[in-house]
Student: 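Pasting a structure here, questions to come.
Just follow the structure's listing: the first ligand is 1, and inside any ligand the first atom is 1. No experiment lies behind these values; they were computed from the predicted model shown.
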Amino acid sequence: MFKIGVIPGDGIGPEVIAEGLAILGDVAQLEGFDYTLERFDLGGERFLATGEVLPAGVIEQLRGCDVIMLGAVGHPEVAPGILEKGILLRLRFDFHQYINLRPVRLYPGVETPIRGKGPEDIDMVVVRENNEDLYVGAGGFTRKGTAEEVAIQTSINTRAGVDRALRFAFEQARARARQGPFRGLTKAEIDRGLTRQVTLVAKTNILTFAHDLWMRAFTEISRDYPDIKCDYQHVDACCMRMVVNPERFDVIVTTNMFGDIITDLGAVLQGGMGLAASGNLNPERSAPSMFEPVHGSAPDIAGKGIANPLAAILSVAMMLDHVGAAAAAERVCRAVARVLNRPASRTPDLGGTATTAEVGRAVREELR
Ligand code: NAD
Ligand code: IPM
Ligand code: MN
């Protein structure tokens, strides 16, 4: 028995979360586990009606949940940042969700815009540091609104924060080794005992303070993982190679800001924003972890019933894995894979004409 806090949020958030919860209900019955839901009406509508973003009492209620499912926040009538920082970042920080785990995996039957590449080429996971960097909100203005205005926004990188993200990435690589060695390794590397690869993505040639710290930590921590190959890419070249040679990547570990950017690119490799899932993890479990699609509230398609619910559904699978319901998580992923193999059940982002509800229904049929 576990308790899920649900924040449907704004725009397409409630539309895709509804499908995620429907699938959760079905898989719970099939696999025989129990859970309770507690809903929280946070987001743009509540802010516009009451001025409240995330009241202290609500944070404490959320803290009492085992996990959180979030749709998306962001509202066209609310200034940028109020909801994103006030809800999403606040929860990531307050609940020490210092890892943002974002798998990039091309399912068979899904078209990637990268010509000539298939599911065997696109199977990586991005470990995005989730509590530091430019996201901390360190900085400010002076002489705001004048011609001499100065705006400063500082990237904060702590050795402890960097170390824990790096260690998590190496552990991910070890966990992936159980599925077999990384395909990008040469025979000589495999003979040397290497199994998987971690790529640090940073900008050591320019950010010679912050990313020097990342590189030194990477080198030191890698000594504890002699079975894992270490790789480094500057972030600009990484973007190029993700497109040209996605098969080069296994586990990527990177900063909060770069991780945000490259995971939208990753989403495209795997068929679009409608398919990209994520988990904001508190690995020590001292507070709830939070699962959400990588996409936002998509105001351009909100209310039309055509949003792809699969990113939210795959986020439910990540949540199930986190609470120890691995068989249920597997079952949801298999059902999604089967749906993606039949072109009739696709939303417009994947070139189909199906509605959000129809895709949700198709996944539930495939669960059985
Ligand atoms: P977005 O991800 O909402 O949308 C980008 C594009 O992808 C849009 O064209 C949209 O229609 C499409 N898209 C996204 N999800 C889709 C889905 N499930 N099915 C089909 N198409 C989908 O990004 P944006 O437009 O830059 O941001 C909109 C709002 O969402 C902003 O307020 C932003 O701050 C917020 N946002 C929130 C989160 C979050 O809550 N986790 C994440 C990203 C953006
Ligand atoms: C994401 C989003 C958020 C981020 C925004 C909405 C704060 O883009 O989850 O990728 O930048 O982390
Ligand atoms: Mn993003």
Student: Distance under 6.0 Å and angle within 45° of the ring axis: does Arg164 meet both against Phe168?
Tutor: no
Student: Could you report the tightest heavy-atom contact between Gln233 and Cys238, atom names first, then the distance?
Tutor: CB-CB, 4.0 Å
Student: Extract all N/O-N/O pairs under 3.5 Å that connect ligand 2 to the protein, and present each with both atom names and the distance rounded to 0.1 Å.
Tutor:
residue  : atom   : partner : partner atom : Å
ligand 2 : 8 (O)  : Asp260  : OD1          : 3.2
ligand 2 : 9 (O)  : Arg92   : NH2          : 2.8
ligand 2 : 9 (O)  : Arg102  : NH2          : 2.9
ligand 2 : 10 (O) : Arg102  : NH1          : 3.1
ligand 2 : 10 (O) : Arg102  : NH2          : 3.1
ligand 2 : 10 (O) : Asp260  : OD1          : 2.9
ligand 2 : 11 (O) : Tyr135  : OH           : 2.6
ligand 2 : 11 (O) : Asp260  : OD1          : 3.4
ligand 2 : 12 (O) : Arg92   : NH1          : 2.7
ligand 2 : 12 (O) : Arg128  : NH1          : 3.2
ligand 2 : 12 (O) : Arg128  : NH2          : 2.8

Student: Kindly indicate, with the supporting measurements, whether the criterion ring-ring contact (aromatic ring centres under 6.0 Å, His included) is fulfilled by Phe258 and His211.
Tutor: CA-CA 12 Å; Phe258 291 171; His211 293 188; 5.7 Å; yes
Student: Decide, yes or no, whether a salt bridge links Arg334 with Glu330 under the criterion of side-chain N to carboxylate O below 4.0 Å.
Tutor: yes
Student: Do Arg128 and Tyr135 meet the cation-pi criteria used here (NZ or CZ under 6.0 Å from the six-membered ring centre, within 45° of the axis)?
Tutor: yes
Student: Sort and list the pairs that fulfil side-chain hydrogen bond (donor to acceptor under 3.5 Å, both in side chains) and have at least one residue in residues 53-62, not counting sequence neighbours.
Tutor: Glu38-Gln61, Glu60-Arg63
Student: Once ring-ring contact (aromatic ring centres under 6.0 Å, His included) is applied, do any residues pair with Tyr232, and if so which ones, sequence neighbours excluded?
Tutor: His234
Student: Under 6.0 Å between the ring centres of His75 and Phe47?
Tutor: no
Student: Tell me which residues fall inside the under-4.0 Å heavy-atom shell around ligand 1.
Tutor: Ile12, Ala72, Val73, Gly74, Glu84, Leu88, Met273, Gly274, Glu292, Val294, His295, Gly296, Ser297, Ala298, Pro299, Asp300, Ile301, Ala307, Asn308, Asp349
Student: Tell me which N, O or S atom from Asp260 is the closest to the Mn ion (ligand 3).
Tutor: OD1
Student: Do Arg183 and Asp121 sit within salt-bridge range, that is, some charged N less than 4.0 Å from a carboxylate O?
Tutor: no
Student: Any carboxylate oxygen within less than 4.0 angstrom of a Lys/Arg side-chain nitrogen, looking at Arg285 and Asp66?
Tutor: no
